[in-house]
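For reference, the structure discussed in these notes is given below.
All values below come from the heavy atoms of this structure, side chains included, with hydrogens, waters and symmetry mates left out. Letters A, B, ... mirror the listed sequences (proteins, then strands); counts begin at 1.
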2 protein chains.
Amino acid sequence: MTSNDPIPHGTERALCASSGFNLPALRGHNTALLLGLLRAAGADGVSRLELAERSGLTPQAVSKITARLRAEGLAADAGRRASTGGKPRTVWRLVPGARHAVGLHLDRDEIIAVLADLAGTPVAVRRAPLAFGAGAGAVLERVAEEVAAVRTRSSAPQVLGVGVACPGPLDHASGVLHRVTGAPHWDGFPLRDALAERLGLPVVVDKDTNAAALGLVGSAADGGAGSFAYLHLGTGLGAGLVLDGGLYRGPRTGAGEFGHQVVQWNGPPCGCGRRGCVEALCLAAVARGDLPGAARVLGVGAANLVELLDVDRVLLGGRTVRERPDVFVAGVADELAAQAAARGRTGPPVRVTTAAGGARAVADGAAQLVLGPLFGPRRQAAGTPPGGPA
Amino acid sequence: MTSNDPIPHGTERALCASSGFNLPALRGHNTALLLGLLRAAGADGVSRLELAERSGLTPQAVSKITARLRAEGLAADAGRRASTGGKPRTVWRLVPGARHAVGLHLDRDEIIAVLADLAGTPVAVRRAPLAFGAGAGAVLERVAEEVAAVRTRSSAPQVLGVGVACPGPLDHASGVLHRVTGAPHWDGFPLRDALAERLGLPVVVDKDTNAAALGLVGSAADGGAGSFAYLHLGTGLGAGLVLDGGLYRGPRTGAGEFGHQVVQWNGPPCGCGRRGCVEALCLAAVARGDLPGAARVLGVGAANLVELLDVDRVLLGGRTVRERPDVFVAGVADELAAQAAARGRTGPPVRVTTAAGGARAVADGAAQLVLGPLFGPRRQAAGTPPGGPA
DNA sequence: CCACTTAAGCAACGCTGTTGCCAAAGTGCA
DNA sequence: TGCACTTTGGCAACAGCGTTGCTTAAGTGG
């Protein structure tokens, strides 16, 4: 039994890169673009002419597209601006409740499920214990119950799909789990397809750190077309990378393995078989209660990452960070400042902050796995066009 | 005095991301896409139906676009395929000589200039000493002479622009140099605009390592929509990152600073002010004649990079590598294999090879700074669409 | 020689964003 | 209160994109 149509505006998708672009794809692209601008504007709203200016489309095209969005219930007008000597502008905003998505955070011992609206705001949250090491059948059953539970919380919202965040390693493209620590029977389990069939909904699977990073796109102050790294320090250490405004997963969903960056190659052995990994050094410091030391080690790894990827900001999250966020932010920021000074780098320093969302951050981000594609490809153009002479 | 029109098919450009897409942009996008497929096919050529299949466009659309390309002289038919029981397919190929671009490699003590055709093949090469530390005026004069020299080598080819590769740091977007070692008067020099005005041609500026990496896109065996890192070991150590098929520069053109990755944070001090940088360790090993040791250090840094970015392959280049390529390839490959084994990673190992092009690689890549945009955005879609149930 | 297969072009079409023009809805001065 | 002016936004006609339906071209195989 198929669900309500997941993607508005037809089945064609706005393919961005190595794919031919036809008329329906063009329509989808521009529609998604305006939806993204509407989302970015938030509750304040945007006028048609502002949308036209930001999108590069003509005001008339914006009028047509917003009219379609209104007809589909995705956008609505929200009052008017003050006049500047003529007819006042009509302000438009996204209708958050028009569509919803389920976000699931499957951790080793618990499951967090959220039902998020188009703005990403959770309208229902559930948190329950989960034996991830148990059989796949039992886990799927549990997951289905939680999904059904959050779906009934709200008044029959149109659910586009389910985003699932797991500890990894896994393959995002195929939705197959590779390894689950302590539970070898999960190896190669096609989680996405199994869940999709069980739930009758589209399913997207990704690593927990990737989901968390995706959930942070646009939430940071500057509007977020830049690059940042989300560092997650909990039972392990991992990262999610947002480069040029888009989540970078790597060809095998293997990107972001930050924990086993070697920063002391003659250092103490790590469980991974190598020596001097950031994770080993960091967790050892945490174990002996030396949080500033752990922060400093994290800072060394973060400095390497900033050097290599030139990110705008570093966001810290995870259980351990949440215990003393001030210590970790200060420690990492100090290390980055020292590095920038040593390298003679000018300009504003890399901002280090804690990630918003707390314990629910991963589940919120998982919902974005489904919601994100509605709002257009968040990636800048690959190259800058050659500027003409004078 | 403006030059011949740099971009074929009108002034509109196929903007990929946060920009509205109108009809001319759509046309440009698909045209560039087919040009890219023609370039990828090389001298073998491609049939219309193969182009249709690879692009996702209909055969009729391909017919129309190839007809336009032929009219502009950019494509031509090159014989026919063997029949499979019906009319044989017409084979199309790019006409490499239809357009050209100049690539410049400005190093500390020499300049290499190439005139490359659409296929990236150099049709003229010049190599001359250059005192980069001298005044800007003298350098510009010298550069203009070399550009004029390579342009006159060929029979008045249509030159689209000039790509310039420098040691960095610099800003690609604005074309401004930040620092040149030993020559503070270059700080903040607007190289792109100054050269563009001097030459009357569009100019693009980028770091030497970025240019080299760009020149390697698609040259590697697999057709190259994946990710790779180019590691350059010469007088210094740097990297160029190609992620999801596109060059990643970072918001300030700062990405790829691989040399000052710390792999031994209590190690020997580096000139940059920190300790245990890959560059310091590596060059120290080279200085004492221990090339295998240098390769091993490079391998540790490469392993960190592979962990973090999940690249498909690592390409090695630069003067030091070219002295003993076998030693460096083996050393880095060993280190990556050890890491993969320790981490229990399955699947094919990361391929380590030397980069093609030799001493001219950077200049060839610099020409790609201009040529690349003609062949469409080489970037995969940001997210995989949610697969429907069953 | 003829039936069949495959490739490529012509013409009509649907749909996109764009353009030109006019109505709607305010401000501000007389 | 009224009129001139400014600004917004919709209607209708339009150019141009890729698509579709069909025809012609150019081969193979019995």
I want to check something: taking the side chain as every heavy atom from C-beta on, are [X] and [Y] in contact at a cut-off of under 4.5 Å?
X	Y	answer
A:Arg99	A:Leu74	yes
B:Val370	B:Pro202	no
A:Phe375	A:Leu94	yes
B:Leu374	B:Leu160	yes
B:Ile65	B:Leu33	no

Practice problem: Could you pull out all residues at least two apart from A:Arg70 that satisfy side chain to side chain donor-acceptor pair (under 3.5 Å)? | Solution: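 None.
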Output yes when at least one side-chain N/O atom of [X] is less than 4.0 Å from OP1 or OP2 of [N], else no.
X	N	result
A:Thr58	C:dT18	yes
A:Ser63	D:dG10	yes
B:Asn30	D:dC17	no

Quiz item: If you find the nucleotide of DNA chain C closest to A:Lys87 and the one closest to B:Arg70, which residue's nucleotide is nearer the 5' end?
Solution: B:Arg70
Quiz prompt | Position toward the 5' end of DNA chain C (nearest nucleotide), B:Trp92 or A:Gly86 | solution = B:Trp92
Measure the distance from [atom1] on [X] to [atom2] on [N] and round it to the nearest whole Å.
X	N	atom1	atom2	result
A:Leu51	D:dG9	CG	P	10 Å
B:Leu49	C:dT5	CG	P	17 Å
A:Leu33	C:dG17	CG	C1'	14 Å
A:Leu34	C:dT16	CG	P	14 Å
B:Asn22	C:dT19	CG	C1'	13 Å
A:Ile65	D:dG10	CD1	P	13 Å
A:Glu50	D:dG9	CD	P	10 Å
A:Leu26	C:dT18	CG	P	9 Å

Quiz item: When the nearest nucleotide of DNA chain D is assigned to B:Arg80 and to A:Arg48 on a heavy-atom basis, which residue is associated with the more 5' position?
Solution: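 Result: A:Arg48.
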Self-check item: 5' priority, DNA chain D, between A:Gly85 and A:Ser47 [closest heavy atom]
Solution: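 Upstream on the strand: A:Gly85.
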Practice problem: For A:Thr90, answer base if it contacts any base atom (sugar-phosphate contacts may also be present), sugar-phosphate if it contacts only those atoms, and nothing otherwise; contact means non-hydrogen atoms under 4.0 Å. | Solution: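 Contact class for A:Thr90: sugar-phosphate only.
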Quiz item: Are B:Arg252 and A:Asp312 ion-paired here, with the side-chain N under 4.0 Å from a carboxylate O?
Solution: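 Yes, B:Arg252 and A:Asp312 are salt-bridged.
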Quiz item: Of all the choices, C:dG26, D:dT19, C:dT6, which nucleotide is nearest to the side chain of A:Ser83 once you look at every atom?
Solution: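 Minimum distance to the A:Ser83 side chain belongs to C:dG26.
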Quiz item: Out of D:dG18, C:dA7, C:dT16, which has the shortest distance to the side chain of B:Leu23?
Solution: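 From the listed options, C:dT16 comes nearest.
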Quiz item: Would you say the ring centroid of A:Tyr248 lies under 6.0 angstrom from that of B:Tyr248?
Solution: no
Quiz item: For the side chain of B:Gln60 and the base of C:dC10, is some donor closer than 3.5 Å to an acceptor across the two?
Solution: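 Answer is yes: a donor-acceptor pair is held.
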Practice problem: Look at the side chain of B:Lys64 and the base of D:dT19, then say whether one donor and one acceptor between them are separated by less than 3.5 Å. | Solution: yes
Quiz item: Looking at five pairs on each end of the helix from C:dC1-D:dG30 to C:dA30-D:dT1, what is the angle between the two axes, given to 10 degrees?
Solution: 0°
